[in-house]
Amino acid sequence: MRIFLFLYSALALAQPADLVLRNGKIVTMNAPAPTAQAIAVRGDKVAALGSDRDAQQWIGPQTKVIDLHGMLAIPGFIEGHGHFTGVGEFRLGLDLREARTWDDIVAQVARAAKEAKPGEWIVGRGWHQSKWDHAPDPNVEGFPLHDSLDKVSPDNPVLLTHASGHASFVNGKAMQLAGITRDTPNPSGGEILKDQAGNPTGLLRERASGLASGVYGKWQAAHQDLRKVINLATDEALSKGITTFEDAGSPLPTVDVFRSMADQKQLRIRMWVMLRTSNQLLEPALDRYRTLGADDNHLTIRAIKRQIDGALGSRGAWLLAPYDDKPDSAGLNTEDPADIRKTAELAIQHGYQLCVHAIGDRANREVLDIYEQVFREHPEKRNLRWRIEHAQHLNAADIPRFGKLGVIAAMQGVHCTSDAPYVLLRLGAKRAEEGAYVWQKLMKSGAIVGNGTDAPVEDVSPLASFYASVSRKLKDGSVFFGDQRMSREEALRSYTWNNAYAAFEESVKGSLEAGKLADITVLSRDIMTIPEDQIMSTDVAYTIVGGKVAFERTKGLQK
């Protein structure tokens, strides 16, 4: 491999480069040559790295030259786990992340209802009851009643998704369209929260959300342009320095649009996609959908997504012991482990990675058990790189199993600091210290830990997740079990090479080396050396995908 890269560099520079970045600091994530001052690109690949003096010989009359003025260039950020179309849809709905009370949210819905067309759905995302200044009155388990939404939006259905994506709140009109009444039973893996009189409150936990979101999805399909959503998501991701987005589960019709856009060379960001649908639909489709590096490495489809539990915030994470703040519940098993076991067989037969959402310690143990059984039954299959998405709360006995089994921990640094205020309430101090976001313990087990944001659960910004990974600092200044912090090099690797490895793409991306894809993120400040509290004031100056500037911040750079 090294000989090939050397020959590629020599041949590529027989002619001038197409793009040269110089006068900066380049962190390569390539151990033999960890830093450089300049980088040359020819076509869509890195041609050479070296000093500013070297850069002179790479420049010809047609070469585009970018003077970095001392800024930091790194391998393009890879979003290790996000929901791509969700990022675009978020920009079309109500942003509820900053709401401090339920009344704030009702006011947002009221304004939207005044502008909405008859029958139009009002959607929003990002609310979290644990972050409100006080509980609504009246409430059930801290959640409001739908009457307050009915008053401001009696004729337009309202669907407000929890920040975690694992619960939703709907108004009476939405429940009417979804057929939800006091007599509607809880679906498997979900709960319709009801008041003391047995009436639905409007809160739908886990798979119960599908009762309303399914009806909204049909309306959305008829009224929303998916390509517009994809382009909005692309714009958002590129502006945050992301060059590859690992999409954590899309249904086949959405993937069909990705494929069509790739065929037409309309994807402006690299996509690595997990298929998410039933085993019945997957089995006949897997060979047809499997795609590696289509459209000049803009689209890869080689993974399947399943979800075994919910989220901690909504008390849907599946635990080995009950919640400290809800002793009558140990969370929810949202999909039958036996059905996931069947998915595992499909994955191993058709050459797919399996990626299972697991947040609670019981959920993680169940998934590890499935993986271990399948690996034992197929000893001829090696280096499978199956993943657990989130791996947030682990029992001490299960932590070493990640490294032993070669299971990728696809985690999200920013979830740690976002969730920490209620983690102790849900789990108690002992369980939290033992297994909550234990990055160092996992890495010491030999596991590869990826990084991401789970956008739109969190903002898609890698810088926010990088900062959380190295600081574990909460808004009040406290640090959540600081012994599990990543070093800055570990955090950057988790967002570049590790995520590439977790997708079988480390040979073409994840580090800056001659012959690899020229995916580069330029930051206004050196996040590897500046004081920790300045990381979040750093800007993305350029996002370069395949040697082409896909995003450029033209003013207001923080240096």
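What you see is a predicted model; the values in this text were computed from it and never measured. The residues of the chain are indexed from 1 along the displayed sequence.
What you find for L354 and A347 is that their closest heavy atoms are CB-CB, 4.3 Å. Here the shortest heavy-atom pairing between A455 and V87 reads CB-CG2, 3.7 Å. Scanning all heavy atoms of the two residues, the minimum distance from Y501 to N383 falls at OH-OD1, 3.7 Å. In this structure, G88 and A233 approach most closely via the heavy-atom pair N-CB, 3.6 Å. Shown here for P400 and S445, the closest heavy-atom pair between the two residues is CA-CB, 3.9 Å.
Taking 4.0 Å as the cut-off between side-chain N and carboxylate O, D324 and R431 count as a salt-bridged pair. The residues D459 and K240 are annotated as salt-bridged, a charged nitrogen and a carboxylate oxygen being separated by less than 4.0 angstrom. Using a cutoff of 4.0 Å between basic side-chain nitrogens and carboxylate oxygens, R276 and E389 are not scored as salt-bridged. Salt-bridge formation is detected for the pair R91/E236: a Lys NZ or Arg NE/NH1/NH2 atom is positioned less than 4.0 Å from an Asp or Glu carboxylate oxygen. Ion pairing of R485 with E532 is absent here, as no side-chain N (NZ or NE/NH1/NH2) approaches a carboxylate O to less than 4.0 Å. Using a cutoff of 4.0 Å between basic side-chain nitrogens and carboxylate oxygens, E191 and R315 are not scored as salt-bridged.
The cationic atom of R302 (NZ for Lys, CZ for Arg) lies less than 6.0 Å from the six-membered ring centre of F504 and within 45° of the ring axis.
For Q412 and S465, the side-chain atoms include no donor-acceptor pair closer than 3.5 Å. For the residue pair H393 and D361, no side-chain donor N or O sits within less than 3.5 Å of a side-chain acceptor on the partner. Judged by distance alone, the side chains of D419 and Y437 do bring a donor and an acceptor atom under 3.5 Å apart. There is no side-chain donor-acceptor pair under 3.5 Å between S469 and W439. At a cut-off of 3.5 Å, with distance as the only test, a side-chain donor of D476 or S478 sits close to an acceptor on the other residue.
V356 is not listed as a side-chain neighbour of I370, based on a closest heavy-atom distance of 4.5 Å or more. Here the side chains of T417 and F480 are not in contact, with every heavy-atom distance at 4.5 Å or above. Between W132 and D104, the closest side-chain pair of non-hydrogen atoms is not below 4.5 Å. Contact check for Y422 versus D325: no side-chain heavy atoms found under the 4.5 Å cut-off. Residues V460 and F245 meet the side-chain proximity criterion, which asks for heavy atoms closer than 4.5 Å. Between Y371 and L384 there is no side-chain heavy-atom pair separated by less than 4.5 Å. Residues P251 and T277 fail the side-chain proximity criterion, which asks for heavy atoms closer than 4.5 Å. Residues L203 and H146 form no side-chain contact, since every pair of their non-hydrogen atoms from C-beta on lies 4.5 Å or further apart.
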> Does the side chain to side chain donor-acceptor pair (under 3.5 Å) test come out yes or no for S494 and N451, once each step is laid out?
Replying inline: CA-CA 5 Å; S494 73; N451 214 330; 3.1 Å; yes

>> With side-chain contact (heavy atoms from CB on, under 4.5 Å) as the criterion, how do E345 and H378 come out once you've worked through the C-alpha distance, each side chain's angles and the decisive distance to 0.1 Å?
In response: CA-CA 10 Å; E345 282 297 328; H378 295 274; 3.3 Å; yes

>> Please determine whether side-chain contact (heavy atoms from CB on, under 4.5 Å) holds for the pair D235 and F551, giving the CA-CA distance in whole Å, both sets of side-chain angles, and the decisive distance to 0.1 Å.
In response: CA-CA 8 Å; D235 292 340; F551 170 80; over 6 Å; no

> Going through the distances and angles, do K473 and D533 end up as a salt bridge (Lys or Arg N to Asp or Glu O under 4.0 Å)?
Replying inline: CA-CA 10 Å; K473 187 176 291 185; D533 60 4; over 6 Å; no

> Could you walk me through whether T28 and K516 pass the side chain to side chain donor-acceptor pair (under 3.5 Å) check?
Replying inline: CA-CA 11 Å; T28 68; K516 284 194 171 185; over 6 Å; no

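Rounding to the nearest 0.5 angstrom, the gap separating the CD1 atom in I408 from the CG atom in N498 is 8.0 Å. Considering CG of L332 and CZ of R205, their distance stands at 7.5 Å, rounded to 0.5 Å.
Just one residue in the list V109, V123, I105 forms a side-chain contact (heavy atoms from CB on, under 4.5 Å) with L94, and that residue is V109. Partner of H166 under the ring-ring contact (aromatic ring centres under 6.0 Å, His included) criterion, out of H390, H128, H357: H357 alone. Just one of N499, T496, D519 meets the side-chain contact (heavy atoms from CB on, under 4.5 Å) condition when paired with P75; it is T496. Only one option out of V170, I192, V140 pairs with T201 in a side-chain contact (heavy atoms from CB on, under 4.5 Å); it is V140.
Around CD of E489, the count of heavy atoms belonging to other residues, nucleotides or ligands within 6.0 Å does not exceed 12. Dense packing is recorded around CD of E490, with more than 12 heavy atoms of other residues, nucleotides or ligands lying under 6.0 Å away. Environment of NZ in K326: crowded, with over 12 heavy atoms of neighbouring residues, nucleotides or ligands closer than 6.0 Å.
The side chain to side chain contact (heavy atoms under 4.5 Å, CB included) test applied to D398 returns R365, L368, N395, R401, not counting sequence neighbours.
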